[in-house]
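Note on naming: letters A, B, ... go to the chains in the order of the sequence lines (proteins, then strands), and numbering restarts at 1 for each one. Reckoned from all heavy atoms, side chains included, excluding hydrogens, waters and symmetry mates.
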Amino acid sequence: MSNSFIEDNDQTRARRERLEAIRSIVGNVYPNKFERSRVTGFEDTITAIIQKFKDGEPQVSEGARPAPEELERINAELNRISVRTSGRIATPPRVMGKAAFVHLSDGVSRLQIYVKKTDVRAVNNDTDTLIDEEGKGWELFNLLDHGDFIGVEGYLFVTRTGELSVHVRELQFLSKALLPMPDKVHGIADPEIRQRQRYADLIAGSLKVEREAGEMTPREIFELRSKVIREMRRFLDEHGYVEVETPMLTPLATGAAAKPFETYHNALGIPLYARIAPELYLKRLLVGGFEKVYELNRNFRNEGIGYRWNPEFTMLEFYCAYMDANGMMDFCEELLQTVLERVTGNRFIFRDAGNFQVSTHFARLSMKQAIAEAWAHNPFSALLGQDVDEEWLDDAFNAHTLAVFLRRASAENSMVDDEESEGLETDAETMEDYWHLAEEEAERALEEAGDAAETQAAQDIVEIFEKLVESSLIQPTFITDFPKPISPLSKASPFDPTVAERFELFIRGMEIANGFSELNDPVEQRERFLEQMRERERGDEEAMVLDEDYIRALSYGMPPAAGIGIGIDRLVMILTGKHTIREVILFPHMRPERKAKESEEREVEEG
RNA sequence: GGGCCGAUAGCUCAGUCGGUAGAGCAACUGGCUUUUAACCAGUGGGUCGCAGGUUCGAGUCCUGCUCGGCUCACCA
């Protein structure tokens with residue numbers, strides 16, 4: 001039999017040959033079902049059996065063995081209990097002549113089975129009956145490989161070393177692993193295989209013999225993710241929110257600053273875009289009379305891929321009528337802390353505890369305050385003797401100078417190797433040169449900007465914030481008071497017309513949430529959209545697109561409201577201590593897999 | 001796209017100064033009727049990512065390429 005899709009080596013050959021030998025004993029090697037018993041009160045999965053009977057194991061210290069009398073007492077009880085259960089063979093069989101031990105896994109837990117040559121009988125899968133012939137059970141067992149699926153029937157007992165086990169009387173073959181299992185000690189090291197072949201990653205996590213303290217298996221990461229999402233829904237439902245689903249394929253890509261994926265609808269004959277944000281649809285629902293709505297689903301952005309970025313990401317977005325951004329910060333904090341408490345049992349503890357403390361309250365800081373504070377602690381600050389405070393930043397020339405300076409300084413730093421960079425940071429002269437160059441550039445830029453000067457200043461402040469502050473916001477911090485020109489869907493602050501009543505939540509240096517008091521004046525909204533369109537014409541590909549229907553909706557009247565988007569993937573990164581988004585997305589997007597042969601063919605074609 | 005790092009047995013990795021290709025696990029054969037990453041004895045397994053170059057001799061040095069990781073720039 002040829003399996004061209006399976007690499008041919010000594011391991012795969014042995015497995016294939018044994019599959020044929022198994023076939024000659026049991027008939028159908030891919031039977032359709034295996035019924036598990038219900039002695040635990042539920043379906044007797046391995047986890048159910050472990051949970052129900054594990055407590056019966058005698059308590060002994062590491063390496064010690066339980067007393068024989070105690071074993072006898074426990075086993076007198078357990079031996080009366082028969083179970084039928086099934087799973088993947090999770091260890092290479094430990095065969096000792098005429099008996100063997102092996103562990104079965106259901107992906108979560110593992111249960112040891114004990115197979116004795118004289119006690120085990122095989123099931124014929126064609127007739128679903130026990131095979132009479134002597135020795136067939138043991139013969140079948142010896143053809144099993146690490147990774148195969150089997151079903152067993154037998155009675156419970158505790159071994160001399162004190163481990164709960166099943167003494168197998170019936171053995172049924174259920175499915176073959178034609179590929180060898182990942183290394184039982186090291187698991188899979190190659191991140192590419194782990195992410196591309198998540199199934200192998202999940203198997204490896206369940207088969208790995210030893211784990212480092214605090215190490216989460218992939219299974220546990222994705223179960224935690226599932227719980228986070230479930231608890232978010234529950235919290236919102238409890239607070240009167242209605243979950244809705246709005247279009248993912250949209251005629252306009254708007255509601256956020258991002259490049260969309262484009263596709264084409266044949267029947268309508270129009271382009272459609274994968275949504276970059278559900279925002280404008282959800283606010284149409286506020287117009288329609290929903291006072292509290294949310295959507296928890298995917299958004300798509302046709303941009304770079306990196307440790308914080310996947311082309312599709314999961315966002316919780318919700319809106320609450322009659323609330324402003326300040327109320328939304330309170331609610332967001334309560335939401336996150338409640339979800340955390342329900343998922344992890346702690347109010348706010350991050351997984352890599354080394355960097356995090358328990359925070360009872362999230363800090364709040366205006367963007368310009370945050371910049372001023374960060375600058376005071378920045379090595380460039382002392383070097384240049386330049387003070388930065390909120391008033392200083394209000395000057396467009398100053399803001400642009402600082403933005404350009406940071407751009408130059410960081411570009412220079414990134415070009416230099418860590419080892420060679422000594423002296424660079426302390427080189428005051430170079431830094432002063434950069435500063436003067438930045439000042440010259442700022443002067444020119446201000447002249448050229450003309451009526452776009454306000455937008456330019458806003459972009460400068462944000463750029464300074466991102467370069468200087470963002471990565472240092474480790475503890476949960478709300479940054480407030482965003483410049484208005486870069487917040488086209490947000491209301492202005494009632495205290496400062498140049499500032500949007502908008503906030504972003506940062507944790508571990510990442511933006512986790514973005515919310516604001518929603519702009520509900522259709523006249524001003526239209527103006528803001530038009531300003532965005534002018535930005536687009538100036539070359540900003542990510543400026544928003546005017547949505548006339550949305551303006552019409554606002555014209556029917558939308559109540560004052562606050563809205564927020566919370567990045568679920570990034571939140572899960574923080575909760576699991578993972579440093580790349582690909583670890584918390586089951587099937588992250590990657591470059592298409594190319595085998596060596598194919599790439600050679602490509603080269604020939606292209607060459 | 002730029003910079004840095006990597007690719008050796010099925011898996012995880014070592015390989016010194018350029019001199020016959022190594023270990024553990026896995027596989028195979030034999031032994032062992034309560035093991036715990038079982039153990040004991042033995043066996044097989046390599047296009048050292050690909051293509052050139054230097055050299056008497058290259059896993060090792062040089063050049064180009066492929067694939068991957070990290071990182072910087074754009075982006076949530």
For the pair made of [atom1] in [X] and [atom2] in [N], what is the distance, rounded to whole Å?
{"X": "A:Asp540", "N": "B:C74", "atom1": "CG", "atom2": "P", "result": "13 Å"}
{"X": "A:Ile188", "N": "B:G68", "atom1": "CD1", "atom2": "P", "result": "17 Å"}
{"X": "A:Leu164", "N": "B:U34", "atom1": "CG", "atom2": "P", "result": "18 Å"}
{"X": "A:Glu466", "N": "B:C74", "atom1": "CD", "atom2": "C1'", "result": "10 Å"}
{"X": "A:Gln195", "N": "B:G68", "atom1": "CD", "atom2": "P", "result": "12 Å"}
{"X": "A:Leu207", "N": "B:U12", "atom1": "CG", "atom2": "P", "result": "15 Å"}
{"X": "A:Leu406", "N": "B:A73", "atom1": "CG", "atom2": "P", "result": "11 Å"}
{"X": "A:Tyr307", "N": "B:A73", "atom1": "OH", "atom2": "P", "result": "10 Å"}

Does A:Arg570 count as lying over the ring of A:Trp309, i.e. NZ or CZ under 6.0 Å from the six-ring centre, within 45 degrees of the axis?
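Verdict for A:Trp309: a cation-pi partner in A:Arg570.
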A:Arg502 charged N/C atom sitting above A:Phe482 aromatic ring, 6.0 Å / 45°:
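Yes, A:Arg502 lies over the aromatic ring of A:Phe482.
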Answer with base, sugar-phosphate or nothing: what part of the nucleic acid does [X] contact at a heavy-atom distance below 4.0 Å?
{"X": "A:Asn310", "result": "base"}
{"X": "A:Ala257", "result": "sugar-phosphate"}
{"X": "A:Arg570", "result": "base"}
{"X": "A:Arg13", "result": "nothing"}
{"X": "A:Glu163", "result": "base"}

Taking the [atom1] atom in each of [N] and [M], what is the distance between them to the nearest angstrom?
{"N": "B:G52", "M": "B:G59", "atom1": "P", "answer": "14 Å"}
{"N": "B:A9", "M": "B:A26", "atom1": "C1'", "answer": "11 Å"}
{"N": "B:G18", "M": "B:C48", "atom1": "C1'", "answer": "15 Å"}
{"N": "B:A51", "M": "B:U8", "atom1": "P", "answer": "16 Å"}
{"N": "B:A23", "M": "B:G69", "atom1": "C1'", "answer": "26 Å"}
{"N": "B:G22", "M": "B:U66", "atom1": "P", "answer": "33 Å"}
{"N": "B:G3", "M": "B:C65", "atom1": "P", "answer": "11 Å"}
{"N": "B:G15", "M": "B:G30", "atom1": "P", "answer": "37 Å"}

Can you work out whether A:Met181 or A:Asp145 has the more 5'-proximal nearest nucleotide on RNA chain B?
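Nearer the 5' end of the strand: A:Met181.
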Along RNA chain B (nearest heavy atom to each residue), the more 5'-positioned of A:Asp183 and A:Arg160:
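Looking at RNA chain B, the more 5' nearest nucleotide goes with A:Asp183.
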Taking the ring centre of each residue, are A:Tyr114 and A:Phe157 less than 6.0 Å apart?
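Centroid separation for A:Tyr114 and A:Phe157: below 6.0 Å.
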Pairing nucleotide - [N], Watson-Crick or G-U, each distance under 3.5 Å:
{"N": "B:C39", "value": "B:G31"}
{"N": "B:G6", "value": "B:C67"}
{"N": "B:C11", "value": "B:G24"}

Donor-acceptor pair (no angle test) under 3.5 Å: A:Gln112 side chain, B:U35 base
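Yes, the side chain and the base share a sub-3.5 Å donor-acceptor pair.
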Polar pair under 3.5 Å, donor/acceptor by atom type, side chain A:Asp10, base B:G10:
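No, no donor-acceptor pair under 3.5 Å.
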Look at [X] together with [Y] and state whether they make a salt bridge at an N to O cut-off of under 4.0 Å.
{"X": "A:Arg88", "Y": "A:Asp148", "value": "no"}
{"X": "A:Arg275", "Y": "A:Glu295", "value": "yes"}
{"X": "A:Arg225", "Y": "A:Asp569", "value": "yes"}
{"X": "A:Arg13", "Y": "A:Asp10", "value": "no"}

Beyond-backbone contact of A:Leu207 with A:Lys184, side-chain heavy atoms, under 4.5 angstrom
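No, every pair of side-chain atoms sits at 4.5 Å or beyond.
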For A:Asp106 and A:Thr47, which I'm curious about, is there any donor-acceptor pair between the side chains at under 3.5 Å?
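Checked: A:Asp106/A:Thr47 side chains pair up, N/O donor to acceptor below 3.5 Å.
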Distance alone, cut at 3.5 Å: any donor-acceptor contact between the side chains of A:Tyr319 and A:Glu317?
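The criterion, which ignores hydrogens and geometry beyond distance, is satisfied for A:Glu317 and A:Tyr319.
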Between N or O atoms, less than 3.5 Å apart, protein on one side and nucleotides 37-39 of chain B on the other: list the pairs.
residue : atom : partner  : partner atom : Å
B:A38   : OP1  : A:Lys184 : NZ           : 3.2
B:A38   : OP2  : A:Arg94  : NH1          : 2.8
B:A38   : N6   : A:Val95  : O            : 2.8

Which of these nucleotides, B:U35, B:A27, B:U12, is closest to any side-chain atom of A:Gln11?
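For the A:Gln11 side chain, the nearest candidate turns out to be B:A27.
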Report yes if at least one side-chain N or O of A:Arg582 is closer than 4.0 Å to OP1 or OP2 of B:C70; otherwise report no.
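For B:C70, OP1/OP2 do have a side-chain N/O of A:Arg582 under 4.0 Å.
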Under 4.0 Å from OP1 or OP2 of B:U35: is there any side-chain N or O of A:Arg65 that close?
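Checking A:Arg65 against B:U35: at least one side-chain N or O falls below 4.0 Å of OP1 or OP2.
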